[in-house]
Amino acid sequence: MFLSKYKLKWTLTILSAGQHKPEFNMLDPKLLRNEPEKAAELLARRGYKLDLALLESLEQERKQAQSDAQSLQTERNSRSKMIGKAKASGEDIAPLLAEIADLGDKHKAAETRLAEVLQKLTDVAMELPNIPQEDVPAGKSEDDNVEISRWGEPKSFSFEPKDHVDLGESLSGMDFETAAKISQARFVNLQGPLAKLHRALTQFMLDQHTEEHGYTETYVPYLVNSDSLRGTGQLPKFAEDLFAIKDTDLYLIPTAEVPVTNIVRDTISTAKQLPIKFVAHTPCFRSEAGSYGRDVRGLIRQHQFEKVELVQVVRPEDSDAAHEALTEHAETILQKLELPYRKVMLCIGDLGFSSSKTYDLEVWLPSQKTYREISSCSNFQDFQARRLQARWRNPETNKPELVHTLNGSGLAVGRTLLAVMENHQDEQGRIHIPEALRSYMGGQEFIGG
RNA sequence: GGAGAGUUGACAGAGCGGCCGAAUGUACUGGUCUUGAAAACCAGCGUAGGUUUAUCCCUACCCAGGGUUCGAAUCCCUGACUCUCCGCCA
């Protein structure tokens, strides 16, 4: 019932939104118009079937409707001008008025038809995912992701390592029952040293990115409107993943990517302002609809979690290099926390809707004896920028052109907490605090015992 | 929450229902002048769509959406946002 509420709301939102922004388009409209076959082929790589026949007929309708509406407009404008002149020179304008009696209605009808076609085109366009970059490997699911590199050696324990839930219980300070009482499942209540460790991780990450990697710290709203969510690509397709605020157009952010990237929505940056590099620490809220039964134990998959997010807005020619750099910035955190991890490139089937290329960083979890995602670093190229109308003035052309946007987790704090707990536990159930965090923990060397 | 004022180009800021895509100033770009710079002077300077080889031309956009009108930046309605005052509040 909780879900159905925002499903309804979502429908209303899309209806009202579509009407005043019919020009929304997520792929390059020139590609769709001039080379629809090529667009179809590129999208087919992702398994997306572009309905070429529909697109073509809509496109033809659009052209017709647009030129009809335009010529009627021209007609009306020139007639109206004549009436103005006639009136000014004191002539009788009644016959002129009679001549164009039905022009207004015709024009209105043409405009309505145009609006309808544009709406249909927008509906199609908004559902199209981004086109993957050429070096993104083919594949259907996460099993086809390609490992790029590994860092660190998974520790071999002389005892059976506990998972973070058991560790948290014995240390006391990680309480899922209480959180469920206060709220519902998939929330946690942290207390004492573990709560402090959680905070320390956040502070450490923020300091690292601002002081060593050149990011500007930013504080943003945690409730965002639907325009912002459309801009970064969470809407219209993924409404069910979001928590919506009843009777408003606001949603809890699923990631800081949304408010931070939307800083540049509808702006034209100067060449000098780029690259823009922001880091933000925010809570993230996700309904996790459709993930019932998955990762039900512990901190892995929560409705609310903290994340330190990196966002970059760059010139198009710089986005590949920025993507590599941003990923390294996230990797640095794992290295300093002495957490073994691997870097994988997502295959096409696992690639997010808006992304052209994504690296995931997966941290080693001794309890699961496997690598689990802790950061996702994506290059969106101009996909978000087009929806956001985020541009820069290219000095070579002196025209506003779309920027490229990127983001990555640096890192997901909850998952980092559990990774630190599990990787740095000892036989007595204590957690050894990595060197890099000690100053944030008042010099403390371990928790527990 | 109540009362009032406002929203115009990169910025500041004019604008009578038709001659307003929009004065003027600043900024910016190019030029003249200068040894160079500044100043001064001249010219240019929004976005998107249609047509076009290109130029031209046409259309839309003065917060958003709707309405009145032959014709709207200008009049009316709704909403968003900003400012001032009152109330409440961390």
Side-chain angles (χ1 to χ4, degrees), chain A residues 12-34 58-122 125 219 221-231 245 247-251 262-274 382 385-403:
Chain A
L12 294 172
T13 308
I14 210 185
L15 281 176
S16 59
Q19 274 158 13
H20 66 271
K21 291 230 167 165
E23 70 279 20
F24 256 161
N25 215 331
M26 66 174 31
L27 295 178
D28 187 346
K30 293 206 170 74
L31 177 68
L32 281 178
R33 266 178 210 156
N34 303 336
L58 283 174
E59 186 54 27
Q60 256 169 22
E61 249 184 274
R62 188 203 108 247
K63 274 192 180 164
Q64 188 59 48
Q66 188 158 346
S67 75
D68 286 355
Q70 250 187 43
S71 54
L72 284 165
Q73 184 86 257
T74 312
E75 174 84 6
R76 192 200 66 185
N77 286 353
S78 68
R79 297 281 188 146
S80 291
K81 247 171 211 166
M82 283 163 61
I83 292 174
K85 277 183 192 149
K87 212 174 171 184
S89 59
E91 292 171 39
D92 179 18
I93 59 169
L96 288 170
L97 285 179
E99 269 178 52
I100 54 170
D102 62 338
L103 198 61
D105 288 343
K106 274 199 206 153
H107 177 238
K108 208 161 273 177
E111 294 255 277
T112 307
R113 205 169 68 244
L114 177 61
E116 283 167 4
V117 180
L118 283 175
Q119 181 59 54
K120 282 185 202 160
L121 275 169
T122 304
Y219 173 80
Y222 301 159
L223 296 177
V224 295
N225 59 36
S226 56
D227 279 343
S228 293
L229 288 157
R230 266 188 294 276
I245 309 297
D247 297 329
T248 71
D249 184 42
L250 295 172
Y251 299 77
N262 270 277
I263 290 174
V264 295
R265 170 151 57 94
D266 294 324
T267 64
I268 302 173
S269 304
T270 62
K272 232 168 60 187
Q273 287 171 313
L274 301 181
D382 63 8
R386 179 167 292 110
R387 294 168 155 243
L388 293 162
Q389 283 302 296
R391 296 173 294 175
W392 68 300
R393 200 171 288 276
N394 185 343
E396 284 174 29
T397 60
N398 204 33
K399 292 270 177 202
E401 296 173 10
L402 296 171
V403 296

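Atom set for the values below is all heavy atoms of this structure, side chains included, hydrogens, waters and symmetry mates excluded. Please read all numbers here as calculations on a predicted model, not as lab measurements. Quick note on labels: first sequence line is chain A, next is B, and so on, each numbered from 1.
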Length of the CG-P vector between A/Leu72 and B/A60, whole Å: 12 Å
Same-atom distance (C1') from B/G4 to B/A10, integer angstrom: 31 Å
Heavy-atom closest contact (A/Arg391 atom, A/Val403 atom, distance): C-CG1, 3.6 Å
Interatomic distance where CG belongs to A/Asp249 and P belongs to B/C81 [whole Å]: 11 Å
Exercise: do A/Thr74 and A/Asn77 side chains pair donor with acceptor under 3.5 Å: no
Sugar-phosphate only, base, or nothing, as touched by A/Thr74 at under 4.0 Å among non-hydrogen atoms: sugar-phosphate
Separation of the P atoms in B/G46 and B/A22, to the nearest angstrom: 10 Å
Find every protein N or O atom lying less than 3.5 Å from an N or O atom of nucleotides 67-72 of chain B, and list the pairs.
residue	atom	partner	partner atom	Å
B/C70	O2'	A/Ser80	OG	3.2
B/G71	O4'	A/Ser80	OG	3.0

Student check: side-chain heavy atoms of A/Leu58 and A/Glu61 closer than 4.5 Å: yes
Nearest heavy atoms of A/Ser269 and A/Leu274, plus distance in Å: CB-CD2, 4.1 Å
Sub-4.5 Å side-chain heavy-atom contact between A/Leu250 and A/Val224: no
Nucleotide nearest A/Arg391 when distance is taken to its side chain, options B/G46, B/G50, B/A48: B/A48
Sugar-phosphate only, base, or nothing, as touched by A/Gln73 at under 4.0 Å among non-hydrogen atoms: sugar-phosphate
Interatomic distance, A/Leu118 CG vs B/A60 P [rounded to whole Å]: 15 Å
P spacing across the pair B/C58 / B/C20, given as an integer number of angstrom: 15 Å
Pairwise 5' ranking along RNA chain B for A/Lys399 and A/Arg62, keeping only the more 5' one: A/Lys399
Inter-nucleotide C1' distance (B/U68, B/G2), Å rounded: 31 Å
Rounded distance in Å - CD1 (A/Ile268) to P (B/C28): 18 Å
Intra- and inter-strand pairs of RNA chain B in dot-bracket (Watson-Crick or G-U wobble, both distances under 3.5 Å; | for another strand): ((((((((.[[[..)..(.....]]].(((((.......))))).(((((......))))).[[[[[..)....]]]]])))))))....
Residue pair A/Leu114 / A/Ala69: nearest heavy atoms and the distance that separates them: CD2-CB, 4.5 Å
Lys/Arg N to Asp/Glu carboxylate O, A/Asp227 vs A/Arg230, below 4.0 Å: yes
P spacing across the pair B/U7 / B/G67, given as an integer number of angstrom: 24 Å
Integer angstrom distance from the C1' of B/G21 to that of B/U74: 15 Å
Rounded interatomic separation in angstrom, taking CD from A/Gln64 and P from B/G50: 14 Å
Considering all heavy atoms, the nearest A/Val264-A/Ala390 contact: O-CB, 3.4 Å
Sub-4.5 Å side-chain heavy-atom contact between A/Leu96 and A/Arg79: no
Interatomic distance, A/Glu111 CD vs B/G65 C1' [rounded to whole Å]: 14 Å
Separation between the C1' atoms of B/A80 and B/A23, rounded to whole Å: 29 Å
Whole-Å gap separating P (B/A48) and CG (A/Leu114): 18 Å
Test item: A/Asn394 side-chain N/O and A/Glu401 main-chain N/O as donor-acceptor pair under 3.5 Å: no
Rounded C1' spacing from B/A73 to B/C63 in Å: 12 Å
Contact nearer the 5' end of RNA chain B, comparing A/Gln70 with A/Lys85: A/Lys85
Nearest non-hydrogen partners of A/Pro400 and A/Arg393, listed with the distance: CD-NH1, 3.9 Å
Between B/A60 (P) and A/His107 (NE2): distance, integer Å: 7 Å
